[in-house]
Amino acid sequence: MDHKAFRVFLRAEMERRKVSIREFAAQVKVSHTTIQRFVDENPTKLYVPTLDLLEKLSAATGVSLNTLLAICFPDTARKLDIDPEIAIICDIASHLPPATRQAVLRFMRSFEE
């Protein structure tokens, strides 16, 4: 479990939304203490998110469950040939309007050799 990567993801989501832990927890439909456990840096109490929590995070953030699993468990993701950063890019792209998605695709293809 990559606790730091998950913590960074949660903090980035809260910062992006400009919300507190309590507000974010309400959006995810979990208690604020659940989010607090993962945001706090406490090496003596390392929690592992449940599938239920990851599913709720996925629904609330629009980040796929596969991406969240790759963030939390990068060693397993590598065995499955899933790059967490690429998965996040794909999640973002999947929510773009079709014309914007095509423009991004053309831009990315301009880097292929």
Side-chain angles (χ1 to χ4, degrees):
M1 167 75 195
D2 189 338
H3 295 90
K4 182 180 179 186
F6 191 51
R7 182 172 40 257
V8 167
F9 167 78
L10 292 174
R11 286 180 179 170
E13 279 296 313
M14 289 185 290
E15 185 176 310
R16 184 176 67 81
R17 297 160 185 264
K18 296 177 177 44
V19 296
S20 68
I21 289 174
R22 285 183 185 272
E23 293 167 319
F24 184 65
Q27 292 173 4
V28 177
K29 298 183 172 80
V30 298
S31 72
H32 73 280
T33 55
T34 297
I35 300 298
Q36 189 76 51
R37 284 181 188 138
F38 295 102
V39 172
D40 285 348
E41 292 184 51
N42 185 348
T44 61
K45 291 186 179 181
L46 298 175
Y47 297 93
V48 177
T50 63
L51 186 55
D52 181 58
L53 172 58
L54 294 177
E55 287 173 335
K56 288 177 180 180
L57 274 170
S58 176
T61 63
V63 174
S64 75
L65 184 57
N66 282 344
T67 300
L68 292 173
L69 288 167
I71 291 168
C72 292
F73 306 101
D75 292 337
T76 301
R78 279 189 280 282
K79 290 177 187 173
L80 299 172
D81 200 24
I82 300 170
D83 182 323
E85 289 179 349
I86 299 298
I88 290 169
I89 291 168
C90 291
D91 283 340
I92 292 168
S94 72
H95 293 94
L96 295 174
T100 305
R101 200 174 331 158
Q102 289 302 313
V104 169
L105 184 59
R106 282 192 302 276
F107 174 74
M108 291 175 70
R109 285 191 171 143
S110 72
F111 293 101
E112 290 180 329
E113 293 183 358

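Keep in mind that the numbers below use all heavy atoms, side chains included, and drop hydrogens, waters and symmetry copies.
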As an exercise, state the distance from CG of Leu54 to OG of Ser64, rounded to the nearest 0.5 Å. 11.0 Å

Same cluster or not: are Met14 and Ile92 linked, directly or through other Ile, Leu, Val, Met, Phe, Trp or Tyr residues, by side-chain heavy atoms under 4.5 angstrom apart? yes

Spacing of Lys4 atom NZ and Arg11 atom CZ [to the nearest 0.5 Å]: 10.0 Å

Ser94 side, atom OG; Ile89 side, atom CD1 - distance, nearest 0.5 Å: 12.5 Å

Nearest-0.5 Å distance that lies between atom CZ in Phe6 and atom CG in Leu46: 13.0 Å

Would a hydrophobic clustering, with Ile, Leu, Val, Met, Phe, Trp and Tyr connected at side-chain separations under 4.5 Å, put Ile71 with Met1? yes

Would you name the heavy atoms of Arg7 and Asp40 that are closest together and state the gap between them? NH1-O, 3.6 Å

Nearest 0.5 Å, please: how far is CD1 in Ile21 from OG1 in Thr33? 10.5 Å

Phe73 side chain reached by Val48 side chain, heavy atoms, under 4.5 Å: yes

Residues in side-chain contact (heavy atoms from CB on, under 4.5 Å) contact with Ala103, at least two apart in sequence or another chain: Arg106

If you measure from OG1 on Thr100 to CG on Leu105, what distance do you get to the nearest 0.5 Å? 12.5 Å

side-chain contact (heavy atoms from CB on, under 4.5 Å) test vs Phe24 passes for just one of Val30, Val39, Thr61, namely Thr61

Do you know which two heavy atoms are closest between Gly62 and His95, and how far apart they sit? O-CE1, 3.0 Å

Restricting to pairs with a member in residues 56-74, which pass salt bridge (charged side-chain N to carboxylate O under 4.0 Å, His left out), not counting sequence neighbours? Asp52-Lys56

Closest approach of Ile35 and Ala25, non-hydrogen atoms and distance? CG1-CB, 3.8 Å

Would you find a donor on one side and an acceptor on the other, under 3.5 Å apart, between the side chain of Arg101 and the backbone of Leu96? yes

Tell me whether Arg22 at atom CZ has more than 12 heavy atoms from other residues, nucleotides or ligands lying less than 6.0 Å away. no

Are any of the side-chain heavy atoms of Leu65 and Leu51 separated by less than 4.5 Å? yes

Donor-acceptor pair, His3 side chain versus Tyr47 backbone, under 3.5 Å? yes

